[in-house]
Asks: 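For reference, the structure I am asking about is given below.
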Amino acid sequence: MSWVEQLRASEAICRRAPSAHNTQPWRPEYHADEITIGVDPARSLPDSDPTGRDLTLGIGAFVETCLIVSAELGLAVTAAPGPRLIPAANRYPTPFTIADIEARRVARGPYTPGYIDAAVLADLGPGIVHVPTRDLVSDLAVADRWLFSTPAVAVELRDWLRLRPRHPRYHLDGLTDRALALSGYEARFLSAALRAYPVTRRLGLPALLAASGRGLLRYDGTVLVLLADDDDHVAAGRRLLRTWLTLARHGLAVHPLSQLIDCPATAGRLAERVGGQPLAVFRVGRPRAEPVRSARLGG
Ligand SMILES: Cc1cc2nc3c(=O)[nH]c(=O)nc-3n(C[C@H](O)[C@H](O)[C@H](O)COP(=O)(O)O)c2cc1C
């Protein structure tokens, strides 16, 4: 088998890469001696991610995942602009393995209080800024309210929610009730509220939903912000994945809070606070309950 065929045979592992709303926007195309990573336009989020920031970060995370898989398979592969995967002189140097890729997951439930160690932060390298959770409590409420009161953004989220196991796409993509760590009652409430969205918006749903997330950062914990170092967001997505895998090696899970950089008011304040351009924001900690494995197309 050629290296392209070998990597293709492992596509299901590469698909464990994370993506916003679990859209899995990557479209790998297999050629004789190269793999191009295209984007499936039906899996982009034009209203919630109009600049394509999260889309490109997800593509970068997929590229990095492919490289980790290729290294473990003993294949000499590297990434090139496009992005593309092309032959290389040596295996991709990485400390990570397929087991790390399979074990990584986002955890949205409560975390044990405590800041992450300075040693862990040092392990993450430059371009990552620490913010205490409590400093972002009120901005998260503003950002959540913005999210649920901006119709196009709320409706796009609704389209990727799979809140009942009977949902036809429950095991394929999007965000399930279990991945969101919702109780049966919370899932039914969110589902009903978003189904009747234009009406519930007028009834004050945004304030109610924002209030329900208010407790999320009310503990002494860590939020990390990944800063842009240039315009190459594919490279930043690769860095994001390495960051999440490094944290996972320390037993730490992540929970992205991208609304803080999507909402114009809170985005500006966050950029000022961290002194740079935030590309990803996520709380980090030890989840109190084991997070679920998220769905993927093709298993
Ligand atoms: C660029 C990016 C942005 C994300 N933003 C959010 C977010 O704002 N809120 C959230 O709960 N999850 C967010 N996620 C996590 C995805 O929803 C998650 O990766 C996906 O559902 C797959 O789950 P898994 O990572 O546990 O495999 C984001 C992921 C990426 C890569």
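Counting starts at 1 for both ligands and their atoms, in listed order.
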Asks: Atom CG of residue position D231 - does it have more than 12 heavy atoms of other residues, nucleotides or ligands inside 6.0 Å?
Replies: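 Open: at most 12 neighbouring heavy atoms sit under 6.0 Å from CG of D231.
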Asks: Would R164 count as a cation-pi partner of Y170, with NZ or CZ less than 6.0 Å from the six-membered ring centre and within 45° of the ring normal?
Replies: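 The answer is no, since R164 fails at least one limit relative to Y170.
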Asks: Show every ring pair (Phe, Tyr, Trp, His ring centres under 6.0 Å) that has at least one partner inside residues 236-262, sequence neighbours left out.
Replies: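 Found W244-F282.
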Asks: For R195, give me all partners under salt bridge (Lys or Arg N to Asp or Glu O under 4.0 Å), at least two apart in sequence or on another chain.
Replies: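 Not a single residue meets the salt bridge (Lys or Arg N to Asp or Glu O under 4.0 Å) criterion with R195.
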Asks: Per the ring pair (Phe, Tyr, Trp, His ring centres under 6.0 Å) rule, what does the pair list look like for residues 69-91, sequence neighbours excluded?
Replies: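 Passing the test, one end in residues 69-91: no pairs.
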Asks: Measuring from each atom of ligand 1, which residues have a heavy atom under 4.0 Å away?
Replies: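 For ligand 1, the residues that come within the 4.0 Å heavy-atom cutoff are P18, S19, A20, H21, N22, D54, L57, R104, R105, V106, R108, L175, W244, H255, P256, L257, S258, Q259, S294, R296.
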Asks: Return the NE2 to CG distance between H21 and D49, rounded to the nearest 0.5 Å.
Replies: 9.0 Å
